[in-house]
Peer 1: 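Have a look at the structure that comes next, please.
A note on names: the letters A, B, ... follow the listed sequences, proteins ahead of strands, and every chain is numbered from 1.
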Amino acid sequence: MVQEVLRLQNLQKSFGSVRALKNASFTLGEGEVVALLGDNGAGKSTLIKAISGVFPVDRGDIYVRGQKVSIRSTRDAMDLGIETIHQDTSLAPDLSIARNLFLGREPVNLKWLGVFAPLDLAKLRDAASALLKRVGISKKLDADALVSTLSGGERQSIAISRAMQFAAKVIILDEPTNNLGVEETHGVLRFVKEVRAAGHSVLLITHNIHHVFQVADRIIVMRRGEIVAEQTVADTDLLTVESIITGADMSALLKETRAK
Amino acid sequence: MPVGKRGSSLVRSPQFSSLIILIVLLAVFAIADANFLSPLNISNMMAFLPELGIIALGMTLLLTAGEFDLSVGAVFGLAPVVVMLLVQNGEASIGVALLAGLILCVAIGAINGVIVTKIGISSFLVTLSMLLVVRGAALYITQGFPLKSWDQPGFFVTLLAGSFNIGSFRFYTSLWWFVGLSLLAIYILRYAKLGNWISAIGSNRNAAVARGVPADAVKICLFILTSVLAGLAGMISAFRISAASPVAGTGYELEVIAMVVVGGTALTGGRGTILGTIVGALMLRSIRNGIVLIGVPGLAYNIFVGVIILAMLILHALLQKNAARG
């Protein structure tokens with residue numbers, strides 16, 4: 001197997017009496033695209049939020065490259081190389097592409113001035129242009145353009161390139177193709193493949209099983225706060241996965257999964 | 001090519017259209033009444049301008065971060081009242097009393113900010129309640145009577161309300177405060193790391209938080225800043241007219257917000273412009289002054305002010321639509 005980048009062990013999280021995450025464990029390998037599937041309320045977003053530092057888990061351990069880590073804030077997650085891209089909420093529309101790319105990690109002069117330090121605008125723009133060029137979207141986009149002037153697909157691409165920029169080990173994509181047109185969706189999926197080719201690992205959360213089969217290496221299915229199936233894409237098919245998600249015919253599949 | 005592009009975006013920017021309208025307004029007033037541009041009248045306008053303008057600078061930053069503050073007018077009234085009471089009762093020297101007044105403003109701003117961010121009540125409701133509390137406090141501690149302000153010359157009086165002549169113009173030191181604070185605000189919003197955070201928070205708070213921006217702390221600091229600037233403006237005003245009234249600043253909150261949005265800052269956050277606010281402050285001040293000079297009946301002032309503000313907002317909205325289409 002490829003080298004392990006992220007490992008979750010027995011993660012548990014409750015909100016009051018609701019056990020949103022009962023016992024989740026899985027491993028993400030280097031350069032691997034893993035799709036996390038499940039119906040609404042299956043615990044996908046709870047799992048994502050725990051990994052990206054939105055809230056701490058009640059129990060369980062997270063390992064990054066074999067090292068046990070504690071993730072208490074989004075900043076912690078970012079510092080560990082875990083970048084999360086939420087649907088529609090990753091960019092500030094009134095800021096330029098360049099300012100968005102470096103939001104929270106702005107290059108500055110006179111660092112000792114803290115939050116009052118002046119932005120290094122030249123470096124900001126150059127780095128942004130270089131990044132846009134590297135990910136192949138420089139032809140269309142100007143680093144000074146406001147994000148509000150971009151299409152949904154372009155915004156997703158910008159958000160993903162930002163995650164790549166900071167050499168993220170793990171990029172979590174939360175419903176990246178929601179509200180996108182057909183062509184834009186293909187653009188984003190192509191981008192996910194490029195991200196994998198560049199050596200990043202991707203955890204892809206989506207409702208759309210078709211997209212999963214186009215880009216993912218492995219599929220993890222969650223139901224009611226638990227991981228109920230884990231299969232490589234090559235070993236399964238669309239109908240099977242669909243029935244696992246809805247719980248229509250679990251027994252045979254679970255047996256198959258356990259046999260492995 | 002980039003120069004041309006940036007040039008045209010400047011022309012289409014909201015602060016630019018506000019500036020054009022300001023120039024037109026000034027021209028109309030100047031033609032209608034020759035006294036409008038007289039040294040005395042300009043000196044008068046420049047005496048009033050900084051007092052609301054200073055508050056508007058803080059309000060611009062706060063609005064850009066997506067919040068606003070309705071308690072500024074009341075703070076404008078309370079801060080100098082507290083200072084004068086402390087001095088008159090012999091409890092503090094003037095310097096210590098001024099410091100105490102500003103600390104009170106810090107506390108008011110902090111309470112606003114903490115309730116808005118940590119409890120999650122909208123800034124409209126929180127600062128509206130604070131307006132009543134603060135105004136009520138000012139009325140109660142003075143029993144409703146204006147206090148005679150500190151009128152002995154000294155360092156602090158000169159610092160806040162000293163005046164000087166340039167030719168036949170008479171300016172107050174408050175103008176320097178306004179100029180200095182404006183430059184600082186422009187720097188923060190456009191060039192500093194903090195400004196990037198402020199715009200990002202107002203534009204999409206979740207995105208900013210996801211990037212590790214301490215959104216709540218930034219907002220609380222901006223509430224404090226706005227409150228402190230309102231208190232400072234109140235002290236400047238009280239020193240200038242040598243009286244601290246518990247009802248001073250009534251209605252200023254709306255006038256200040258009008259200045260800010262007329263300048264092109266979005267009420268919904270994310271887009272703020274200090275230059276626009278300066279233009280907005282000049283515009284509202286010259287309207288108030290100009291319509292008196294051209295003989296609009298006193299009771300009709302607000303009709304004109306309201307209509308002009310509405311016209312400005314419609315213009316901004318249309319420009320915004322055009323920009324979105326282009």
Side-chain angles (χ1 to χ4, degrees), chain A residues 48-49 52-54 73-79 82-96 98-111 113-121 124-125 129 142-149 155 158-159 162-163 165-166 172 174, chain B residues 1-3 5-6 9-10 12-14 61 63-66 184-218 221-222 225 264-273 320-326:
Chain A
I48 299 309
K49 283 178 179 163
S52 56
V54 176
S73 68
T74 49
R75 193 89 226 182
D76 285 352
M78 282 160 70
D79 290 343
I82 301 171
E83 294 270 347
T84 308
I85 298 155
H86 299 283
Q87 52 183 72
D88 307 329
T89 63
S90 285
L91 301 175
D94 298 304
L95 267 56
S96 69
R99 281 179 176 242
N100 261 292
L101 284 171
F102 291 92
L103 181 57
R105 281 169 171 165
E106 296 85 351
V108 293
N109 297 314
L110 309 175
K111 212 167 180 174
L113 281 170
V115 294
F116 296 104
L119 298 173
D120 187 342
L121 293 172
L124 190 73
R125 175 142 7 116
S129 300
D142 176 4
D144 284 332
L146 294 184
V147 164
S148 59
T149 62
R155 290 185 201 198
I158 297 292
R162 179 172 64 186
Q165 154 80 8
F166 294 107
I172 301 173
D174 187 3
Chain B
M1 186 199 81
V3 175
K5 248 171 94 185
R6 226 170 290 156
S9 77
L10 178 70
R12 263 184 298 167
S13 70
L61 298 181
L63 268 173
T64 308
L184 195 63
I186 289 171
Y187 167 75
I188 287 176
L189 194 53
R190 286 189 66 163
Y191 301 105
K193 184 170 163 179
L194 180 61
N196 207 37
W197 290 4
I198 292 172
S199 304
I201 292 166
S203 185
N204 184 346
R205 184 183 171 277
N206 290 337
V209 171
R211 304 309 297 167
V213 173
D216 290 355
V218 169
C221 289
L222 290 177
L225 175 77
T265 294
L267 196 58
T268 46
R271 277 174 289 123
T273 153
Q320 188 78 22
K321 255 189 190 162
N322 266 338
R325 250 183 246 133

Peer 1: Name the member of A:Pro93, A:Ser73, A:Ser52 that forms the most heavy-atom pairs with chain B at distances under 4.5 Å.
Peer 2: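 Ranked by contacts with chain B, first place is A:Pro93.
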Peer 1: Side chain to side chain contact (heavy atoms under 4.5 Å, CB included) for B:Asn204 and A:Leu91? Distances and angles first, verdict last.
Peer 2: CA-CA 7 Å; B:Asn204 184 346; A:Leu91 301 175; 5.7 Å; no
Peer 1: Between A:Pro118, A:Gly104, A:Gly53, A:Ser148, which residue shows the highest count of heavy-atom pairs closer than 4.5 Å to chain B?
Peer 2: A:Pro118
Peer 1: Between A:Arg75, A:Met78, A:Arg99, A:Arg105, which has the largest tally of heavy atom pairs under 4.5 Å with chain B?
Peer 2: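 The candidate making the most pairs under 4.5 Å is A:Arg99.
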Peer 1: Using non-hydrogen atoms only, which part of B:Arg205 is less than 4.5 Å away from chain A: side chain, backbone, both, or neither?
Peer 2: neither
Peer 1: Pick from A:Val115, A:Leu113, A:Leu119: which one makes a side chain to side chain contact (heavy atoms under 4.5 Å, CB included) with B:Leu194?
Peer 2: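 For B:Leu194, the side chain to side chain contact (heavy atoms under 4.5 Å, CB included) check succeeds only for A:Val115.
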Peer 1: Tell me, please, which residues at least two apart from A:Asn100 pass side chain to side chain donor-acceptor pair (under 3.5 Å).
Peer 2: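 None.
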Peer 1: Please name the pair of heavy atoms, one in A:Ala92 and one in B:Ser203, separated by the smallest distance, quoted to 0.1 Å.
Peer 2: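 So the two residues come closest at C-OG, 3.4 Å.
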Peer 1: Name the region of A:Leu121, side chain, backbone, both or neither, that has any atom closer than 4.5 Å to a heavy atom of chain B.
Peer 2: side chain
Peer 1: Shortest non-hydrogen contact from B:Tyr187 to A:Phe116?
Peer 2: OH-O, 2.6 Å
Peer 1: Could you grab the distance from atom CZ of B:Arg271 to atom CG of A:Leu95, nearest 0.5 Å is fine?
Peer 2: 11.5 Å
Peer 1: Any chance you could measure B:Arg211, atom CZ, to A:Leu101, atom CG, to the nearest 0.5 Å?
Peer 2: 9.0 Å
